Protein chains: 2
Amino acid sequence: MAHKRNANDVAVDEPYLQIGEVAERTGVTQRTLRFYEEKGLLKPPTRMEGGFRLYSEADIQRLERIRHLKQLLGFPLAEIKEMVEADEVKMQLRAEYRPEAEASEKRAQILKAIEVTERQHELICQKATAIADMQSKLEERLGTFRGWLADLESTPKTAPKTKANV
Amino acid sequence: MAHKRNANDVAVDEPYLQIGEVAERTGVTQRTLRFYEEKGLLKPPTRMEGGFRLYSEADIQRLERIRHLKQLLGFPLAEIKEMVEADEVKMQLRAEYRPEAEASEKRAQILKAIEVTERQHELICQKATAIADMQSKLEERLGTFRGWLADLESTPKTAPKTKANV
DNA sequence: CCTAACCTTGACGTTTAGGTGAGTTTGGGG
DNA sequence: CCCCAAACTCACCTAAACGTCAAGGTTAGG
């Protein structure tokens, strides 16, 4: 067991949050938090001795990243999971960059990270162009409509409502 | 034979397609087509006397629009439905633009169309900026990684055997 | 020590978006 | 006229992503 003394023993300097607070703060339900944990999207948070979950700031950021990806891409959670895991690898690499390890190993890790990131980037790019497409199409339509409106205003058939006409 | 009629016994030269052909051509299943119809995403297509569905080119375009929106935005079908319906209103307006009707009525319709389109546009814009955000973040990361890689290449720990070093 | 508020683990329910037959009709070529 | 591929309508099933109790354990405050 992990010797983690938190609630009573040691005043926590880090802001650990219980599940309810996290739920309230992030707008997801407690069920969703447990569900994501169960599904491996969130890694099991630390717990108090009694078993209450304690979420760190990092946990919350991860959660918000998940929410973001989910509502942005609309992918199933399984894929979101992979993306977040890839992210995690990158973060880990970031943390382990300082220690001077074997150069070749580091190189391999970085290459892997680049590969993963490129895949994600390409995916996002596709979405981006598709969205931009749709955006410009909508703008074009708006232009058309506004043109029609202007036409109607300038060549009125029914009595125009200008002062001149009264 | 090439003699096809729709429900009103009108001979059609237009390429009407049966459900199987539509499915094959668009990549969705027949079930999905019937399901979308049931849910009001696709309006009931014309039928042969026997009850076989006959999809017009317009029907197919609508379907493809639905597919596009779905995979682009990842919204639930209920919302996609609303968007497609809004689109339909616009198309309808487009068709009814030529006949000279009451100017005020037309004005109202156009205003409505503009409103609807603006709503969609705003939605898309949000997505677009969010995506762009993520895109640039990923690019930044890629830059960082490539930088690290370059560092590794330029300051090797294991004895480099470049000419300069000999 | 007691209690209210909060958390835990199940377990079952719900909605969305279809998949998968089964059994029956229809369409059109031979 | 016959036949088989293709369509039709139910009806039931699934998987994902949670929602919703139920029955109990934990924490913090008094």
Side-chain angles (χ1 to χ4, degrees), chain A residues 1 4-12 16-42 44-55 59 63 66-84, chain B residues 1-7 9 11-12 16-42 44-55 59 63 66-84:
Chain A
M1 260 199 203
K4 191 76 182 168
R5 334 158 245 279
N6 266 322
N8 278 345
D9 216 342
V10 170
V12 256
Y16 273 77
L17 297 184
Q18 278 184 238
I19 196 169
E21 303 173 283
V22 175
E24 199 178 341
R25 175 187 288 202
T26 63
V28 310
T29 66
Q30 302 187 12
R31 180 55 162 77
T32 298
L33 284 164
R34 300 198 187 98
F35 180 70
Y36 284 0
E37 181 182 339
E38 187 181 311
K39 287 286 165 179
L41 276 129
L42 294 173
T46 54
R47 306 248 188 160
M48 306 199 239
E49 295 118 46
F52 284 27
R53 268 161 259 242
L54 285 177
Y55 292 92
D59 291 331
L63 170 63
I66 290 169
R67 298 289 298 171
H68 195 184
L69 283 172
K70 189 168 143 53
Q71 83 98 207
L72 201 67
L73 305 178
F75 290 175
L77 288 185
E79 292 190 34
I80 303 285
K81 179 187 170 189
E82 285 182 34
M83 302 189 84
V84 178
Chain B
M1 290 307 175
H3 183 195
K4 291 185 177 173
R5 350 173 162 177
N6 68 12
D9 201 33
V12 251
Y16 273 77
L17 297 184
Q18 281 185 235
I19 196 170
E21 305 173 281
V22 175
E24 199 178 340
R25 175 185 288 200
T26 63
V28 309
T29 67
Q30 301 187 13
R31 178 77 224 284
T32 299
L33 283 164
R34 300 198 187 99
F35 181 71
Y36 283 2
E37 181 183 337
E38 187 180 313
K39 288 285 167 182
L41 276 130
L42 294 172
T46 54
R47 307 249 188 157
M48 306 199 242
E49 296 124 42
F52 283 28
R53 270 161 259 245
L54 287 177
Y55 292 92
D59 289 331
L63 170 63
I66 291 169
R67 298 287 299 169
H68 194 186
L69 284 172
K70 188 169 144 52
Q71 83 99 184
L72 201 67
L73 306 178
F75 290 174
L77 290 186
E79 292 189 33
I80 303 284
K81 180 187 169 188
E82 284 182 34
M83 303 189 83
V84 178

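If you're wondering where the values come from, they're calculated on a predicted model, not measured in any experiment. Proteins come first, then strands; the chains are lettered A, B, ... in the order of their sequence lines, and each starts at number 1.
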To the nearest Å, how far apart are K70(A) NZ and dA17(D) P? 6 Å

Check this one for me: any side-chain N or O of R31(A) less than 4.0 Å away from OP1 or OP2 of dA11(C)? no

If each of Y36(A) and F52(A) is mapped to the nucleotide of DNA chain D with the nearest heavy atom, which maps nearer the 5' terminus, i.e. the 5' end? Y36(A)

Where the side chain of T32(B) is concerned, which of dT8(C), dA7(D), dG18(C) is the nearest nucleotide? dG18(C)

When you measure from the side chain of P76(A), which nucleotide among dA17(D), dT20(C), dA7(D) comes out closest? dA17(D)

pair L54(B)-Q18(B): side-chain heavy atoms closer than 4.5 Å: yes

Would you say M83(A) and L73(A) make side-chain contact, with heavy atoms under 4.5 Å? yes

Separation of dA17(C) P from K39(B) NZ (nearest whole Å): 8 Å

How would you label the contact of F75(A) with the nucleic acid (heavy atoms, under 4.0 Å): base, sugar-phosphate, or nothing? nothing

I need the CD-P distance between Q18(B) and dT26(C), as an integer number of Å. 14 Å

Once you round it to whole Å, what is the distance between P of dA16(D) and NZ of K81(A)? 12 Å

Within this structure, what is the CZ-to-P distance between F35(B) and dT9(D), rounded to whole angstrom? 15 Å

Which nucleotide wins on minimum distance to the side chain of Q30(A), given the candidates dC8(D), dG19(C), dC7(C)? dC7(C)

What is the distance from CG of L77(B) to C1' of dA16(D), rounded to the nearest Å? 14 Å

Can you give me the closest heavy-atom contact between Q30(B) and G20(B), atom names plus distance? NE2-CA, 3.6 Å

What is the distance, to the nearest angstrom, from the CG atom on L33(A) to the P atom on dA17(D)? 16 Å

Between R34(B) and dC8(D), is there a contact of a side-chain N or O with OP1 or OP2 at under 4.0 Å? yes

Tell me if the CD atom of E24(B) is crowded by more than 12 foreign heavy atoms within 6.0 Å. no

Any side-chain heavy-atom pair of V28(A) and Y36(A) under 4.5 Å: no

To the nearest Å, give me how far apart CD1 (I19(A)) and C1' (dT26(D)) are. 14 Å

Candidates dT27(D), dG19(C), dC18(D) - which lies nearest the side chain of T29(B): dG19(C)

